[in-house]
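A quick write-up on the structure given underneath.
None of these values were measured; they are calculated from a predicted model.
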Amino acid sequence: MSRPEESHQRRLARNLGELLQELRVAQAGVQILFGFLLSIAFTERYASTDLYVRATHLITILFAACSIALLTAPAAWHRILFRRGRREDIIAVANRFAVVGMGALAVAMTGTILLLGEVIIGGWVAITLGALAAVLFGTLWFLMPWRERDRDPDPEDTDDDEQYD
C-alpha cells in the first residue's frame, strides 16, 4: 500500500509498531549493559578502586537506569492509553522518550568505556577513549541523523514520524 493510500489510523499503527520495535532493540542492549555495570560492584577489585572510578561507575549506572526508564516508558504508555484513542499522543511522547533515552544510553556507554579505560589503562588514555566514545555516539546517533533530516527539501517525502518530534 502506498503512503497516500494509507489511512491516518493505519499510519499511526505502523508508526507505533516501528517505534516499539526500535525500542526493543535498544532495551536489550541497555539491559545487558545495566547488568554488567551492576556486577562490577561485587568484584574484589572494585573494593580497592578510588573515588573517581566509583563516582564514574555510579553516574554511569544512573544514566543506564534512566535510559531503561525512558526506553520502556512507551510500552507502559501504550498499554495504559491504547484503548482510549490516544495513539497519536502515545507516539509523540514515545518519540521524545526514545530520543532522550538514546541520549542517556550514549552517556552510559561513554561512561562504561571511560570506566573500563580507567581500570585497565588509566590516565589520559582512559579520558581519550571516553571522549572518542562520546564523539562516536553523538555523531552516529544524533548529529548525522539530524543533519540528514534537515537536508530533506520536500516535506512530502519525509516519514510521518517527523510530525511527532
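Panel note: side chain T139, backbone V135; a donor-acceptor pair is recorded below 3.5 Å. Checking side-chain atoms of R45 against main-chain N and O of I40 turns up no donor-acceptor pair under 3.5 Å. Judged by distance alone, the side chain of Q27 and the main-chain N or O of L71 form a donor-acceptor pair under 3.5 Å.
Of all heavy-atom pairs between G117 and A126, the closest is C-CB, 3.3 Å. Closest of all the heavy-atom pairs between A94 and L19 is CB-CD2, 3.2 Å. Shown here for L37 and A64, the closest heavy-atom pair between the two residues is CD1-CB, 4.1 Å.
Taken together through direct or relayed side-chain contacts under 4.5 Å among Ile, Leu, Val, Met, Phe, Trp and Tyr, V100 and V93 form part of one hydrophobic cluster. Grouping the Ile, Leu, Val, Met, Phe, Trp and Tyr side chains by contacts below 4.5 angstrom, directly or via other members, places F42 apart from L58. The hydrophobic clustering, which links ILVMFWY residues whose side-chain heavy atoms are closer than 4.5 Å, places I32 and L38 apart. At a threshold of 4.5 Å between side-chain heavy atoms, the hydrophobic network of Ile, Leu, Val, Met, Phe, Trp and Tyr places L116 and M109 in one connected group. Under the 4.5 Å side-chain heavy-atom criterion for ILVMFWY residues, no single connected hydrophobic cluster contains both V107 and W141.
With contacts defined as side-chain heavy-atom distances shorter than 4.5 Å, the pair W146/V99 qualifies. Side-chain contact between L23 and P74 is present, with heavy atoms from C-beta onward closer than 4.5 Å. Between R54 and Y46, the closest side-chain pair of non-hydrogen atoms falls below 4.5 Å. Side-chain contact check for T128 versus L132: some heavy-atom pair is nearer than 4.5 Å.
When the shell of 6.0 Å around CZ of R147 is examined, it contains more than 12 heavy atoms from other residues, nucleotides or ligands. Other residues, nucleotides and ligands contribute at most 12 non-hydrogen atoms within 6.0 Å of the CH2 atom of W77.
Here the straight-line distance linking atom OG1 of T49 with atom CG of L51 works out to 9.0 Å at 0.5 Å rounding. Atom CD of E22 and atom CE of M102 lie 9.0 Å apart (nearest 0.5 Å). The CG atom of L115 sits 11.0 Å away from atom CD1 of I59, with the distance rounded to the nearest 0.5 Å. Separating the CD1 atom in I80 from the CD1 atom in I90 is a distance of 9.5 Å, to the nearest 0.5 Å. With rounding to the nearest 0.5 Å, the separation of CD in E118 from NE2 in H57 is 14.0 Å. Of the inter-residue distances, the one linking L136 atom CG with I113 atom CD1 reads 7.5 Å to the nearest 0.5 angstrom.
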Given the rule in the side chain to side chain contact (heavy atoms under 4.5 Å, CB included) test, do F142 and F137 qualify, once you have shown the distances and angles that lead to the verdict? CA-CA 8 Å; F142 300 102; F137 288 115; 5.8 Å; no
Walk me through whether L33 and L105 qualify under side chain to side chain contact (heavy atoms under 4.5 Å, CB included). CA-CA 9 Å; L33 175 65; L105 178 56; 4.1 Å; yes
Check step by step if side chain to side chain contact (heavy atoms under 4.5 Å, CB included) holds for L114 and T60. CA-CA 10 Å; L114 173 62; T60 301; over 6 Å; no
Carefully, step by step, assess F36 and T112 under the rule side chain to side chain contact (heavy atoms under 4.5 Å, CB included). CA-CA 10 Å; F36 165 73; T112 301; 3.9 Å; yes
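Evaluation of the salt bridge (charged side-chain N to carboxylate O under 4.0 Å, His left out) rule for E148 yields R151 as partners, not counting sequence neighbours.
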